[in-house]
Amino acid sequence: MPGSVTELSGELRRMALHLETAAVLELKAARAEPRQGAVLRRRAEQRRQEAARLRERLAACGVVLPPRASRAPAP
């Protein structure tokens, strides 16, 4: 579990990176052929799950984060 301010900020950056990567993968999936789109959407979901795990760890350390943004349904 992160303890120092440096570790906490690193975990926050990792969480943000996973969420941003998931968003980019979703955009690419929307433009890809069906099989590749499915792979990209699965990878995006993996990134969101890792971000959720990081969020839970940060919350356990007492870090207050804004509410999770609702995700728009995939087309």
Side-chain angles (χ1 to χ4, degrees):
M1 233 183 258
S4 72
V5 172
T6 303
E7 290 171 337
L8 288 172
S9 65
E11 292 292 291
L12 283 168
R13 281 193 298 275
R14 281 186 57 219
M15 186 180 78
L17 180 62
H18 282 299
L19 292 172
E20 290 169 3
T21 302
V24 170
L25 288 168
E26 285 287 346
L27 288 173
K28 287 183 176 187
R31 291 181 249 159
E33 63 181 52
R35 287 180 69 167
Q36 184 182 19
V39 170
L40 292 170
R41 277 187 282 283
R42 187 175 63 245
R43 289 174 57 199
E45 182 57 28
Q46 290 169 341
R47 298 311 186 284
R48 280 190 291 276
Q49 289 172 0
E50 181 60 25
R53 284 189 287 272
L54 286 166
R55 182 185 189 87
E56 288 173 13
R57 285 201 304 259
L58 289 166
C61 292
V63 176
V64 178
L65 300 168
R68 291 181 197 167
S70 61
R71 193 171 139 241

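Applying the side chain to side chain contact (heavy atoms under 4.5 Å, CB included) criterion to Leu27, with sequence neighbours excluded, gives Arg31. In this structure, the side chain to side chain contact (heavy atoms under 4.5 Å, CB included) partners of Val24, at least two apart in sequence or on a different chain, are Lys28. Glu33 is linked by a side chain to side chain contact (heavy atoms under 4.5 Å, CB included) to Arg35, Gln36, counting only residues two or more places apart in sequence or in another chain. Checked against side chain to side chain donor-acceptor pair (under 3.5 Å), Arg53 has the following partners two or more places apart in sequence or in another chain: Glu50.
When all heavy atoms are compared, the tightest approach of Pro34 to Arg41 is O-NH2, 4.3 Å. Gly37 and Ala29 make their closest contact through O-CB, 3.5 Å (heavy atoms, listed as atom of the first residue, atom of the second, distance).
Met15 pairs in a side-chain contact (heavy atoms from CB on, under 4.5 Å) with only one of the listed residues (Arg57, Glu20, Arg55), which is Arg55.
The CD atom of Gln49 sits 4.5 Å away from atom CD of Glu45, with the distance rounded to the nearest 0.5 Å. Here the OG1 atom belonging to Thr21 is positioned 12.0 Å from the CD atom belonging to Glu26, to the nearest 0.5 angstrom. In this structure, CD in Glu56 is found 9.5 Å from CG in Leu54, a value given to the nearest 0.5 Å.
As a member of the Ile/Leu/Val/Met/Phe/Trp/Tyr network built from side-chain separations under 4.5 Å, Leu25 groups with Leu40.
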